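Please read the structure below before turning to the comments.
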Amino acid sequence: MRLLIVGGGGFRVPLIYRALVSGRFAGLVSDLVLHDVDPSRLAAVTAVLRSMPAGPGQPLPVHATTDLAGALPGTDMVFAAIRPGGTAGRVADEKVAQRLGLLGQETTGAGGISYALRTIPHMVHLARLMDRLCPSARLINFTNPAGMVTEALVPVLGSRVVGICDSAGALVQRAARAAGAGLPEGTLDGVGYFGLNHLGWLYRLESGGRDLLPGLLADPAALQSFEEGRLFPPAFLADLGMLPNEYLYYFYRSDDARRSMSTMPQTRGEDIHGSQQELYPRLAAAGGDAFRLWDAARRSREEGYLAEARPDGSQRDEEDLAGGGYERVALAAMRALAGMGATELILNTQNTRAPAPGGPAGPAMAQPATPEAAVPGLPADAVVELPCTVTADGARPIPQQRPPEPQLRLLRQVKEVERLTVRAATTGDRAAALAAFAGHPLVGTDEVAARLLAGYEEAFPQLRLMWGAQDITADGGR
């Protein structure tokens with residue numbers, strides 16, 4: 001199988017390579033191509049791969065290129081993890097919001113809308129190139145905000161695209177360990193999870209026919225043993241009756257998050273930007289020492305993740321610091337999509353409930369004109385995050401319970417924001433961008449929305465060029 005990683009100069013690419021040459025994924029890929037618009041980043045990452053300690057599998061041939069159209073023909077699978085504007089763009093995403101007293105976060109709130117506005121045109125451009133140059137290839141989208149980006153790609157690629165994020169699956173794994181439950185790899189039997197990317201809840205965790213979640217939520221000591229349990233007060237979780245995704249910290253404890261961020265000497269984006277500006281040239285010149293340098297930087301970066309939620313200076317779990325989250329999800333999805341065995345994963349895909357298996361065949365059993373929603377209460381054509389059965393036919397959503405009304409209201413509000421953002425980014429509709437900012441629960445007023453958009457237009461002049469454009473995806477939105 002030929003795998004193309006778009007954004008191949010990305011910091012986490014070595015994690016994918018490490019998984020591909022070891023364990024259950026060894027031999028899955030025969031040809032790995034890294035594409036990036038920045039040749040210096042490609043040089044740094046390939047230096048890390050060359051210096052990586054040998055694993056049990058055979059080394060994998062790696063080709064690096066800045067020619068996207070030349071890389072796509074013959075490709076079977078595409079991973080995409082791009083960041084238009086680089087880490088400097090992330091700094092602006094955070095700082096523009098923070099200067100207005102809002103949450104300054106990469107994917108949640110105003111920063112996430114800004115990130116999506118300038119990223120979606122590039123990703124739609126990629127999808128259109130795929131449709132022309134490798135029409136049978138699948139796209140596994142890492143690019144954030146993953147739910148919004150995936151929703152923008154479905155009109156081009158249909159079921160050939162899925163979005164991934166490791167935060168939901170990691171929540172399930174951590175909660176299962178804390179509850180003393182065994183969760184066999186490749187199955188989510190008994191797991192109930194619904195939401196959008198970075199906005200979801202674990203509401204059921206069965207083992208042996210018994211739901212262990214109520215007991216876990218009633219055990220403060222067990223909750224303190226894992227990341228999400230420590231983010232929220234035990235009484236709050238017991239009353240909620242569910243475990244929120246870690247990113248709901250920014251909704252449920254937004255004042256705490258803003259206060260904590262305001263006391264930090266620099267934003268998360270500034271920290272990452274500064275460290276990568278210094279690190280990448282060193283990696284390219286480090287020779288056999290490149291992997292060691294990269295791995296030390298990776299661990300330091302993991303230690304700083306969601307630091308605003310740990311003002312006491314406490315550390316993340318050692319298993320989280322070891323790395324190995326989202327690449328396992330992506331490779332498990334790739335393996336299943338390639339027809340090498342079904343699996344169950346939490347993915348971002350359309351909220352369409354598959355027809356029940358069995359029963360008489362023929363036109364009478366055709367899919368209804370209005371498909372049912374796998375997460376009741378949300379549109380069936382919307383991209384949601386939920387457990388899926390993944391096979392060579394694609395990702396089939398596993399039906400979930402209807403979210404309680406407070407959660408459903410929040411999901412509907414944020415989904416409308418996502419759809420307005422997609423409209424703005426694909427049609428050049430500035431009014432839709434304003435409405436997206438104003439409608440987000442962490443922004444909330446037309447006046448602040450106008451100031452936000454003006455601030456982002458100043459930081460990213462290409463946004464002004466988008467408004468009213470005939471086809472802003474024709475050249476990748478550049």
Side-chain angles (χ1 to χ4, degrees), residues 1-23 25-52 55 57 59-84 86-87 119 122-127 129-130 133-134 136-144 146 149-150 153 157 160-166 276 280 283-284 290-291 294 298 323-338 347-348 476:
M1 181 190 304
R2 176 183 168 97
L3 169 64
L4 169 64
I5 302 180
V6 179
F11 184 77
R12 294 182 184 272
V13 167
L15 291 171
I16 299 173
Y17 181 87
R18 184 173 67 182
L20 282 171
V21 297
S22 62
F25 301 115
L28 183 60
V29 169
S30 57
D31 187 15
L32 177 63
V33 181
L34 307 182
H35 168 269
D36 205 285
V37 296
D38 186 340
S40 66
R41 290 179 69 88
L42 283 175
V45 169
T46 52
V48 173
L49 303 188
R50 283 195 299 268
S51 64
M52 188 176 293
L60 182 61
V62 178
H63 309 283
T65 181
T66 58
D67 179 8
L68 179 57
L72 286 168
T75 293
D76 302 294
M77 196 75 60
V78 177
F79 289 177
I82 68 170
R83 185 185 291 279
T87 51
T119 300
H122 294 267
M123 288 297 296
V124 174
H125 177 64
L126 167 63
L129 283 177
M130 285 180 60
L133 300 174
C134 51
S136 63
R138 308 288 187 106
L139 174 59
I140 297 179
N141 174 52
F142 298 62
T143 300
N144 276 321
V149 171
T150 303
L153 301 180
L157 296 176
R160 291 167 53 207
V161 60
V162 295
I164 71 159
C165 178
D166 64 332
Q276 290 201 10
Y280 267 73
L283 292 177
F291 176 78
W294 169 84
R298 178 201 60 76
Y326 86 131
E327 73 278 4
R328 285 203 303 261
V329 179
L331 294 176
M334 179 174 73
R335 187 176 184 276
L337 290 170
L347 298 174
N348 288 264

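What's counted below: heavy atoms across the whole structure, side chains too, no hydrogens, waters or symmetry copies. Note that the coordinates shown come from a computational prediction; the quantities given were computed from them, not determined experimentally. The chain is numbered in sequence order, starting from 1.
Listed for the W294 side chain is a donor-acceptor partner under 3.5 Å among the backbone atoms of F11. No donor-acceptor pair closer than 3.5 Å links the side chain of N141 to the backbone N or O of G163. At least one donor-acceptor pair under 3.5 Å links the side chain of S30 to the backbone N or O of M1. The backbone N or O of A137 sits less than 3.5 Å from a side-chain atom of R160, completing a donor-acceptor pair. Without hydrogens or angle criteria, T143 side chain to I82 main chain gives a donor-acceptor distance under 3.5 Å. One N or O on the side chain of T65 and one on the backbone of D67 form a donor-acceptor pair closer than 3.5 Å. Remark: the backbone N or O of L60 is paired with a side-chain donor or acceptor of Y17 at under 3.5 angstrom.
Between L331 and A19 the shortest heavy-atom distance is CD1-CB, 3.3 Å. Of all the heavy atoms in P14 and L49, the pair that sits closest is CA-CD2, 3.7 Å. In terms of heavy-atom proximity, A47 sits nearest to A290 at O-CB, 3.7 Å. Smallest separation of non-hydrogen atoms from G9 and V45: O-CG2, 3.5 Å. Summarising the geometry of V13 relative to G7, their closest heavy-atom pair is CG2-O, 3.9 Å, with the distance given to 0.1 Å. The minimum heavy-atom distance between T46 and A64, with the atom names listed, is CG2-CB, 4.1 Å.
Counting heavy atoms from C-beta outward, V62 and L34 have side chains that approach closer than 4.5 Å. By the 4.5 Å heavy-atom criterion applied to side chains, M52 and R18 are counted as neighbours. Within the 4.5 Å cutoff, the side chain of L139 has heavy atoms near those of the L153 side chain. Counting only heavy atoms from C-beta outward, the side chains of L129 and L68 approach each other to under 4.5 Å. Between I140 and V78 the shortest side-chain heavy-atom distance does not fall below 4.5 Å. The shortest side-chain heavy-atom distance between E327 and L20 does not fall under the 4.5 Å cut-off. Side-chain contact between L4 and V6 is present, with at least one heavy-atom pair separated by less than 4.5 Å. By the 4.5 Å heavy-atom criterion applied to side chains, M334 and L28 are counted as neighbours.
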*Applying side chain to side chain contact (heavy atoms under 4.5 Å, CB included), run through V33 and L3 and close with a yes or a no.*
CA-CA 6 Å; V33 181; L3 169 64; over 6 Å; no
*Step by step, would you call L32 with I5 a side chain to side chain contact (heavy atoms under 4.5 Å, CB included)?*
CA-CA 8 Å; L32 177 63; I5 302 180; 3.8 Å; yes
*asked:* Pair V162, R138 - check side chain to side chain contact (heavy atoms under 4.5 Å, CB included), show working.
replied: CA-CA 8 Å; V162 295; R138 308 288 187 106; over 6 Å; no
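Atom NE2 of H35 and atom OG1 of T75 lie 11.5 Å apart (nearest 0.5 Å). Separating the CG atom in L126 from the CE atom in M130 is a distance of 6.0 Å, to the nearest 0.5 Å. Of the inter-residue distances, the one linking D76 atom CG with S136 atom OG reads 6.5 Å to the nearest 0.5 angstrom. Expressed to the nearest 0.5 Å, how far CZ of R83 lies from CG of N144 amounts to 7.5 Å.
Counted by atom type alone, Y280 and R41 present one or more donor-acceptor pairs between their side chains at under 3.5 Å. With 3.5 Å as the limit, one finds a donor-acceptor pair spanning the side chains of D38 and S40. Between the side chains of T150 and N348, no donor-acceptor pair of N or O atoms lies under 3.5 Å.
Ring geometry for F142 against Y326 counts as perpendicular: the plane angle is over 60°, on a 0 to 90° scale with 30° as the lower cut.
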